[in-house]
Enquirer: 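Take this structure first; my questions come after.
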Amino acid sequence: MVEDNSHEAQRLLKELFPHTGKSTIVGITGSPGSGKSTLVDKLIGYLRSDHKEIGIIAVDPSSPFSGGAILGDRIRMMRHSADPGIFIRSMATRGHLGGLAKASGEAISVLEASGKDIILVETVGVGQDEVEVIKFADLILVVLIPGAGDDIQVFKAGLMEIADIFVLNKADSPEADKMEKQLKAMLDLGLKDRLIPPVIKTVATEGRGIQPLLEEIENILSTRDHEMQAARKKRLISWMLKDIIREKLYKAVSDNVLESEFEDFVEKIYRRETDPYTVADLIVSRSK
Ligand SMILES: Nc1nc2c(ncn2[C@@H]2O[C@H](COP(=O)(O)OP(=O)(O)O)[C@@H](O)[C@H]2O)c(=O)[nH]1
Ligand SMILES: [Mg+2]
């Protein structure tokens, strides 16, 4: 319902809202093929043995959850899908009324209200929409791999600034150490005035480095001061509120004009009998 942006969903979200805000939301982003899903799979294993309830949202066109990936991945995830302590939801990148960020934010709310301790959000680190989604997270893991020298893309996409931890996955590659040095050097240069985020090496396929990664996540979350955490949550609320207002205004205003009339306006604008600004003013003024 939430993904369809239905009217009923809004009523439910109102009721759910008091029960949200208690889960830890961990975002996992990086290029396709960097091993995000494999990492998520291994993280699930550790967290479940600690009796944590987990929600997973995968916003990834190539995600095993959305059926775009190889069979092996799907079989791996299936063993988790039978576990009642886990809820996995895949979301398409396109086709959400009100936008991907809104839809996934609301899906996170539903999982929070359901009492999940931890929500993992996997998303590819390309495209503005995907980067927006990751801002819901309390903590962001940026997954890099050795050899893909063009991991500079990550820096271009603005992920360097938002990373709390860099996960250097596929550390079984002979280039891993070199990559680690390069990454640290780049971070030193790029983040002069900021604390350099930790770099954790993992081999997701073998489960290596997962324990240290979880310890680092714990460590960051526990040392973060309350004010900072609150400021982060408030920023999200203000962002969410603006989104909702924008959508409601748009809806209220677009109800003022019939589809056929709208088409007529387009026709007139096309013939240069009027201009889009005048028409927009006219339509908006009807709701006053
Ligand atoms: N050698 C090696 N391969 C890995 C590692 N982690 C993941 N892979 C493989 O990389 C491929 C892509 O992994 P996947 O988790 O689907 O990546 P995603 O697109 O980022 O979700 C799969 O074939 C994995 O088995 C690793 O640490 N070492
Ligand atoms: Mg994936």
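Keep in mind it's a predicted model, so treat the numbers as computed, not measured.
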Enquirer: Tell me whether K268 is salt-bridged to D264, with the criterion being a basic N under 4.0 Å from an acidic carboxylate O.
Expert: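 Salt bridge flag = no for D264 with K268.
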Enquirer: For T202, does its backbone N or O pair with a side-chain atom of R208 as donor and acceptor, under 3.5 Å?
Expert: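 No.
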Enquirer: Check whether I196 and L183 end up in the same hydrophobic cluster, where Ile, Leu, Val, Met, Phe, Trp and Tyr are linked by side-chain heavy atoms less than 4.5 Å apart.
Expert: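 Yes.
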Enquirer: Linking I/L/V/M/F/W/Y whenever any side-chain heavy atoms sit under 4.5 Å apart, do Y250 and M240 land together?
Expert: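 In one cluster with Y250: M240, no.
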Enquirer: Before accepting this row, confirm whether a basic side-chain N of the pair E206/K42 lies closer than 4.0 Å to the acidic partner's carboxylate O.
Expert: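 Salt bridge absent between E206 and K42.
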Enquirer: More than 12 foreign heavy atoms under 6.0 Å from CD of E227: is that the case here?
Expert: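 No.
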Enquirer: Determine, step by step, whether E247 and K251 satisfy the salt bridge (charged side-chain N to carboxylate O under 4.0 Å, His left out) criterion, reporting the C-alpha distance in whole Å, the side-chain angles of both residues, the deciding distance to 0.1 Å, and the verdict.
Expert: CA-CA 6 Å; E247 193 186 297; K251 190 160 186 323; over 6 Å; no
Enquirer: If I compare all heavy atoms of V203 with all of D172, which pair ends up nearest, and what's the gap?
Expert: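 Of all heavy-atom pairs spanning V203 and D172, the closest is CG2-N, 3.6 Å.
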Enquirer: Going through the distances and angles, do V199 and L144 end up as a side chain to side chain contact (heavy atoms under 4.5 Å, CB included)?
Expert: CA-CA 10 Å; V199 177; L144 303 172; over 6 Å; no
Enquirer: Tell me, with the steps shown, if E122 and I57 meet side chain to side chain contact (heavy atoms under 4.5 Å, CB included).
Expert: CA-CA 6 Å; E122 174 187 338; I57 294 176; over 6 Å; no
Enquirer: Considering residues, nucleotides and ligands other than L195, do more than 12 of their heavy atoms fall under 6.0 Å from its CG?
Expert: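 Check fails, neighbour count at 12 or below.
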Enquirer: Report yes or no: do N169 and S34 form a side-chain donor-acceptor pair below 3.5 Å?
Expert: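 Per modelled atom types, N169 and S34 side chains form no pair under 3.5 Å.
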Enquirer: The test is side-chain hydrogen bond (donor to acceptor under 3.5 Å, both in side chains); show your working for K248 and Q10 and say whether it passes.
Expert: CA-CA 12 Å; K248 284 194 182 285; Q10 210 178 82; 2.9 Å; yes
Enquirer: Please enumerate all residues that pass side chain to side chain contact (heavy atoms under 4.5 Å, CB included) together with L236, with sequence neighbours excluded.
Expert: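 Partners of L236 under the side chain to side chain contact (heavy atoms under 4.5 Å, CB included) test: F136, W239.
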Enquirer: Can you name the closest pair of heavy atoms from V257 and F262 and give their distance?
Expert: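 Closest approach of V257 to F262, heavy atoms only: CG2-N, 3.8 Å.
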Enquirer: Answer with yes or no whether the hydrophobic clustering places V59 together with M1; edges join I, L, V, M, F, W, Y residues whose side-chain heavy atoms lie under 4.5 Å apart.
Expert: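 No, separate clusters.
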Enquirer: If you define the side chain from C-beta out and look only at heavy atoms, does anything of P146 sit under 4.5 Å from K178?
Expert: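 Of all side-chain heavy-atom pairs linking K178 with P146, none is under 4.5 Å.
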Enquirer: If you compare all heavy atoms of D164 against all heavy atoms of I220, which two are closest, and at what distance to 0.1 Å?
Expert: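 Of all heavy-atom pairs spanning D164 and I220, the closest is O-CD1, 3.7 Å.
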Enquirer: Quick one: does E106's side chain get under 4.5 Å of V110's, heavy atoms only?
Expert: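 No, side chains not in contact.
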Enquirer: Hey, mind stepping through V142 and I165 against side chain to side chain contact (heavy atoms under 4.5 Å, CB included) and telling me if it holds?
Expert: CA-CA 6 Å; V142 172; I165 300 175; over 6 Å; no
Enquirer: Side chains of L141 and V26, heavy atoms from C-beta outward: is any pair under 4.5 Å?
Expert: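 L141 reaches V26 side chain to side chain.
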Enquirer: When rounded to the nearest 0.5 angstrom, what is the spacing between CZ in R48 and CG in D83?
Expert: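 Separation between the atoms: 4.0 Å.
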Enquirer: With a 4.5 Å heavy-atom cut-off, do I210 and L39 have their side chains touching?
Expert: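 I210 reaches L39 side chain to side chain.
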Enquirer: Please lay out, stage by stage, how L213 and L43 fare under the test side chain to side chain contact (heavy atoms under 4.5 Å, CB included).
Expert: CA-CA 9 Å; L213 175 59; L43 288 169; 4.2 Å; yes
Enquirer: Would you say NZ of K181 has more than 12 non-hydrogen atoms from neighbouring residues, nucleotides or ligands within 6.0 angstrom?
Expert: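 No, NZ of K181 has 12 or fewer neighbouring heavy atoms, counting only those of other groups under 6.0 Å.
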Enquirer: Do R246 and D243 come close enough that some side-chain heavy atom pair is under 4.5 Å?
Expert: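 Side chain of R246 against side chain of D243, heavy atoms only: contact under 4.5 Å found.
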Enquirer: Salt-bridge test for R232 and D138: reply yes if a basic N is under 4.0 Å from a carboxylate O, no otherwise.
Expert: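 No, this pair does not count.
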Enquirer: In the structure I gave you, are the side-chain heavy atoms of L168 and M179 within less than 4.5 Å of one another anywhere?
Expert: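 Side-chain contact under 4.5 Å: yes.
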Enquirer: Answer yes or no: does atom CD of E218 have more than 12 heavy-atom neighbours from other residues, nucleotides or ligands under 6.0 Å?
Expert: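 No, the 6.0 Å shell around CD holds no more than 12 heavy atoms from other groups.
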Enquirer: May I ask you to test the I56-F87 pair for a side-chain heavy-atom distance under 4.5 Å?
Expert: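 I56 vs F87: side chains apart.
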Enquirer: Determine whether more than 12 heavy atoms belonging to other residues, nucleotides or ligands lie under 6.0 Å from atom CZ of R271.
Expert: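 Atom CZ in R271 is packed in, count exceeds 12.
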Enquirer: Backbone N or O of E53 within a donor-acceptor pair of the D117 side chain at under 3.5 Å?
Expert: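 Judged by distance alone, yes, a pair lies under 3.5 Å.
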Enquirer: I28 versus L120: any side-chain heavy-atom pair under 4.5 Å?
Expert: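 Side-chain contact under 4.5 Å: yes.
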Enquirer: Grab the two heavy atoms, one from F265 and one from V279, that are nearest each other, plus how far apart they are.
Expert: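 Minimum heavy-atom contact is CG-CG1, 3.5 Å.
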Enquirer: Would you compute the distance between atom OG of S104 and atom CD1 of I119 and round it to the nearest 0.5 angstrom?
Expert: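 Rounded to the nearest 0.5 Å, the OG-CD1 separation comes out at 11.5 Å.
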Enquirer: Measure the spacing between OG1 of T20 and NZ of K233 and express it to the nearest 0.5 Å.
Expert: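 The distance works out to 8.5 Å.
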Enquirer: Is it true that a side-chain atom of T223 and a backbone atom of N219 form a donor plus acceptor pair closer than 3.5 Å?
Expert: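 Yes, T223 side chain to N219 backbone: donor-acceptor pair under 3.5 Å.
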Enquirer: If you round to the nearest 0.5 Å, how far is CD of E216 from CG of L221?
Expert: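 The distance works out to 10.0 Å.
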Enquirer: Charged N to carboxylate O under 4.0 angstrom, E112 versus K116?
Expert: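 Between K116 and E112 there is no salt bridge, as every charged N stays at least 4.0 Å from the carboxylate O atoms.
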Enquirer: Atom CZ in F166, atom CD1 in I200: separation rounded to 0.5 Å?
Expert: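 Nearest 0.5 Å value for the CZ-CD1 distance: 12.0 Å.
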Enquirer: Carefully, step by step, assess T278 and D275 under the rule side-chain hydrogen bond (donor to acceptor under 3.5 Å, both in side chains).
Expert: CA-CA 6 Å; T278 305; D275 63 89; 2.6 Å; yes
Enquirer: Between side-chain atoms of residues 12-19 and protein atoms elsewhere (two or more places apart, or another chain), which donor-acceptor pairs fall under 3.5 Å?
Expert:
{"residue": "E15", "atom": "OE2", "partner": "R11", "partner atom": "NH1", "Å": "3.0"}

Enquirer: Which pair of heavy atoms, one from T29 and one from K36, lies closest together, and at what distance?
Expert: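 For T29 versus K36, the nearest heavy atoms are C-CD, 3.7 Å.
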Enquirer: Group every Ile, Leu, Val, Met, Phe, Trp and Tyr by side-chain heavy-atom contacts under 4.5 Å, then state whether L249 and L241 land in the same group.
Expert: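 Same hydrophobic cluster.
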Enquirer: Restricting to non-hydrogen atoms, name the atom on N256 and the atom on E261 that form the minimum distance, rounded to 0.1 Å.
Expert: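 Nearest pair, atom of N256 first, then E261: O-OE1, 4.3 Å.
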Enquirer: When rounded to the nearest 0.5 angstrom, what distance separates CD1 in I145 from OG in S31?
Expert: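 I145 atom CD1 to S31 atom OG measures 6.5 Å (nearest 0.5 Å).
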Enquirer: For S173 and E175, indicate whether the former's side chain and the latter's backbone hold a donor-acceptor pair under 3.5 Å.
Expert: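 Side chain of S173 to backbone of E175: a pair is present.
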Enquirer: Do I118 and I88 belong together in a cluster built from hydrophobic side chains that touch within less than 4.5 Å?
Expert: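 Linked within one cluster.
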